[in-house]
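Note that the structure is predicted; figures quoted are calculated from it, not measured.
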Amino acid sequence: TTKMPAKDIVLYAGWNSNDSATTVIFDTQGGSFVAPISVNIGDKIKKPTDPTKSGYVFLGWYKEANHETKFDFTTEEINGNTTVFALWKPLILTSPTSIVASSITDSTAEISWGAVNGAKAYYIYANGNFVAATGSNHYLLEGLESSTEYTIICLPQKSGWKNRRLQASFSHRIFPF
């Protein structure tokens with residue numbers, strides 16, 4: 001037990017400012033929820049359990065929404081409210097959709113298809129022969145022969161990923177006027 005002193009005493013109040021607390025938000029970019037955490041300014045944080053997202057592999061946390069700089073949990077000090085962003089890679093490329101041939105002339109046809117998320121290029125085949133690689137979701141086929149039917153195959157490409165195939169055929173026929 002403590003006894004009160006016989007003389008008057010002066011007590012001084014002391015407190016810590018709430019300004020030293022800050023919040024880290026985990027933006028999972030469509031993945032499972034990761035709870036925000038409250039930390040003191042200058043502290044480092046522990047890496048949370050990886051989020052999940054159906055059809056995707058989690059690649060890590062980044063400082064920016066455009067994923068330029070990876071967030072390093074071992075060295076990064078939190079200096080204010082912070083949001084880190086998840087980066088995902090699709091497990092496999094899906095098939096392109098809606099392949100269409102348009103603007104058909106006596107020797108050309110513009111083909112287009114629905115873009116595939118994550119595809120960096122598309123390989124185009126006509127009747128089983130490689131024609132070209134393109135970075136867009138359309139291509140002008142040239143050198144077609146009239147009255148010939150063409151089967152077009154479009155393969156989205158991303159190194160290390162399983163490819164899917166979209167096959168469509170169209171008849172290229174020229175009718176005299």
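Within a 6.0 Å radius of CZ in F58, more than 12 heavy atoms belonging to other residues, nucleotides or ligands are found.
What you find for S38 and A21 is that their closest heavy atoms are OG-CB, 4.4 Å. Taking both residues in full, the closest heavy atoms of K53 and G31 are given as CB-CA, 4.0 Å, listed atom of the first, atom of the second, then distance. Minimum interatomic distance between E68 and E64 (heavy atoms only, all atoms of both residues): N-OE1, 3.2 Å.
In this structure, OG1 in T23 is found 10.5 Å from CD1 in I78, a value given to the nearest 0.5 Å. Put simply, CG on L140 and CD1 on I124 are 11.5 Å apart, with the number rounded to the nearest 0.5 Å. To the nearest 0.5 Å, the span separating OH on Y139 from OH on Y122 amounts to 15.5 Å. For the atom pair L87 CG and Q29 CD, the distance stands at 8.5 Å (nearest 0.5 Å). The distance from atom OG1 of T105 to atom CD of E142, rounded to the nearest 0.5 Å, is 9.0 Å. With rounding to the nearest 0.5 angstrom, the NZ atom of K63 is 9.5 Å from the OG1 atom of T82.
Between W61 and T28 there is a side-chain heavy-atom pair separated by less than 4.5 Å. In this structure, the side chains of T108 and E110 stay at 4.5 Å or more apart for every pair of heavy atoms.
Side chain of N137 to main chain of G114: no donor-acceptor pair is present (N/O by atom type, distance under 3.5 Å, no hydrogens or angles). Here the side chain of T22 pairs a donor or acceptor atom with the backbone of G80 at under 3.5 angstrom.
Relative ring orientation between F73 and F26 is described as parallel, the plane-to-plane angle staying below 30° on a 0-90° scale split at 30° and 60°.
I37 and V84 fall within the same hydrophobic cluster, defined by Ile, Leu, Val, Met, Phe, Trp and Tyr side-chain heavy atoms under 4.5 Å apart, directly or through other members. In terms of hydrophobic clustering, with Ile, Leu, Val, Met, Phe, Trp and Tyr side chains grouped at heavy-atom distances under 4.5 Å, L144 and W113 are assigned to a common cluster. Criterion: ILVMFWY side-chain heavy atoms under 4.5 Å apart, direct or through other members. Under it, F71 and W88 are part of a common hydrophobic cluster.
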